[in-house]
Each structure stands twice: as C-alpha cells, then as structure tokens.
A.B. asks: 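Below are the structure tokens for one structure; questions will follow.
Every heavy atom of this structure was used, including side-chain atoms; hydrogens, water molecules and symmetry mates were not. Keep in mind that this is a model prediction, so the values were computed, not measured. FYI, the numbering just counts along the sequence from 1.
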Amino acid sequence: FNLEKEQELSIESLLSSKLKSKDGKVYGIVSAIYLNDIYPEAYHNNEYFFMYVYLKEKEDLHNPKYFDNFELNLKLNGVSPLKIEQLPYKNQFFKLTFIKSDWNQYYIVAFKKQNKDMLNLVLKNAQSSSDSLKYQKNKP
C-alpha cells in the first residue's frame, strides 16, 4: 500500500463538514483540500482549494462571474472567491480523493492571497451552513 507524496499531503489537508440548518437538519457535505500545500510550485499566487460537495438538493456554488446565482456562497476569511470552476467527475485532482462519487460536484476555487496564517473556509446558503474548515498556512 503505497501512496504518492501528493496523496499523503492531501490526506493531511482534507477537511470536511456537514451543511446543517439552524435546526440541525443535514443538507449536504462539503470537503476541501488546500492545493497550495500539495502543489506549491503551481498554486502560490492566490489561495486554491479543490472541493467536492454533496447536496441532497441540486444547487451550484455562487460563481462571482454570475451575480444572479446566489444559491451557495463560499467565503475564505469572509471574502468571496475570485474564481470557481466546476470540474468533471474525473479531473486532474481525482487521485487526491479517496471518496469518489458521481453524486458529488467537484470544483477548483481560487481566493485572493491572504496575509493571515489561518484560513477559515465556510460554505452556506439561506438555510444551511458548514462549520469553518480551518487551514494553517506556513506550517513549520
């Protein structure tokens, strides 16, 4: 059982949270991998995440290019993403995940570079919110 270096790093970086309503009803699951730690030579100008989302009801992430789509909002330290790109089921980050399902929606998300060492990623809509997925930058 051998893992590639990128797979080992993705296990360390993978965080998940349930999307829950205020009354505790589970609406879906969001998982994210911080790509800057895994591919620092390619992902360093901004903050990049590979995300996969499972929702009981189909919704798309809010794309900042389309201001009329406000179903799901994603924030990093309270800031909206620069770019969200939906990826196909089989994508260039496929090998980083060990839970593969065509029920998930896959995304690469870019945020403006943060000057903080702690990154807090939250996904929410009008009814539900995830817990904050906390990533430590500049690990020793």
Side-chain angles (χ1 to χ4, degrees):
F1 185 69
N2 292 322
L3 297 176
E4 295 177 22
K5 181 180 178 185
E6 292 86 3
Q7 290 172 314
E8 289 180 17
L9 291 170
S10 72
I11 291 169
E12 292 175 19
S13 177
L14 176 64
L15 295 176
S16 297
S17 175
K18 295 175 186 172
L19 287 161
K20 293 189 278 188
S21 64
K22 292 176 184 154
D23 63 1
K25 182 179 175 186
V26 176
Y27 183 72
I29 299 171
V30 58
S31 301
I33 296 172
Y34 183 50
L35 293 174
N36 296 51
D37 284 346
I38 298 167
Y39 302 112
E41 65 286 345
Y43 297 102
H44 57 273
N45 293 333
N46 290 303
E47 310 294 353
Y48 292 92
F49 294 86
F50 171 60
M51 300 185 65
Y52 46 107
V53 180
Y54 169 76
L55 300 171
K56 290 183 179 180
E57 297 176 23
K58 170 106 171 75
E59 287 189 55
D60 292 319
L61 289 177
H62 166 65
N63 190 330
K65 293 182 181 180
Y66 304 104
F67 295 105
D68 59 341
N69 175 6
F70 283 101
E71 293 174 335
L72 285 171
N73 287 288
L74 185 63
K75 304 268 182 168
L76 182 68
N77 294 343
V79 178
S80 295
L82 296 171
K83 173 185 162 187
I84 296 174
E85 179 183 344
Q86 188 163 9
L87 302 171
Y89 169 68
K90 290 192 177 179
N91 57 68
Q92 68 265 34
F93 306 109
F94 199 68
K95 71 179 182 178
L96 299 179
T97 64
F98 296 93
I99 300 173
K100 298 174 173 90
S101 168
D102 55 1
W103 296 345
N104 289 330
Q105 296 173 63
Y106 297 90
Y107 300 92
I108 185 168
V109 182
F111 292 89
K112 185 177 180 182
K113 189 78 167 172
Q114 298 281 311
N115 293 325
K116 300 177 182 179
D117 283 341
M118 183 61 70
L119 301 175
N120 295 302
L121 187 65
V122 177
L123 179 65
K124 62 182 169 181
N125 66 11
Q127 301 87 9
S128 306
S129 178
S130 72
D131 291 330
S132 178
L133 304 178
K134 297 179 185 292
Y135 293 89
Q136 179 69 43
K137 287 176 45 172
N138 307 318
K139 295 177 192 171

A.B. asks: Could you grab the distance from atom CG of Asp37 to atom CD of Glu12, nearest 0.5 Å is fine?
C.D. replies: 8.5 Å
A.B. asks: Is the distance between the ring centroids of Phe93 and Tyr106 less than 6.0 Å?
C.D. replies: no
A.B. asks: For side chain to side chain contact (heavy atoms under 4.5 Å, CB included), just list the numbers for Leu14 and Ser31, CA-CA rounded to whole Å, side-chain angles, deciding distance to a tenth of an Å, and then say yes or no.
C.D. replies: CA-CA 7 Å; Leu14 176 64; Ser31 301; 3.9 Å; yes
A.B. asks: Can a donor-acceptor pair be found between the side chains of Lys112 and Asn46 at a distance below 3.5 Å?
C.D. replies: no
A.B. asks: With distance as the sole test, does Gln114 use its side chain to make a donor-acceptor pair with the main-chain N or O of Leu119 at under 3.5 Å?
C.D. replies: no
A.B. asks: Got a second to check how far Ile108's CD1 is from Ile84's CD1, nearest 0.5 Å?
C.D. replies: 11.5 Å
A.B. asks: Quick one: which of Phe49, Phe50, Phe111 gives a ring-ring contact (aromatic ring centres under 6.0 Å, His included) with Tyr34?
C.D. replies: Phe49
A.B. asks: With no hydrogens and no angle check, is any side-chain donor or acceptor of Asn91 less than 3.5 Å from a backbone partner on Tyr107?
C.D. replies: no
A.B. asks: Is the backbone of Tyr48 close enough, under 3.5 Å, to the side chain of Asn36 for a donor and an acceptor to pair up by distance?
C.D. replies: yes
A.B. asks: In terms of side-chain heavy atoms, does Ser129 have a donor or acceptor partner in Lys20 at a distance below 3.5 Å?
C.D. replies: no
A.B. asks: For the CG atom on Asn115, are there more than 12 heavy atoms of other groups (residues, nucleotides or ligands in this structure) within a distance under 6.0 Å?
C.D. replies: no
A.B. asks: Would you check, one step at a time, whether the test side chain to side chain contact (heavy atoms under 4.5 Å, CB included) holds for Leu133 with Leu123?
C.D. replies: CA-CA 9 Å; Leu133 304 178; Leu123 179 65; over 6 Å; no
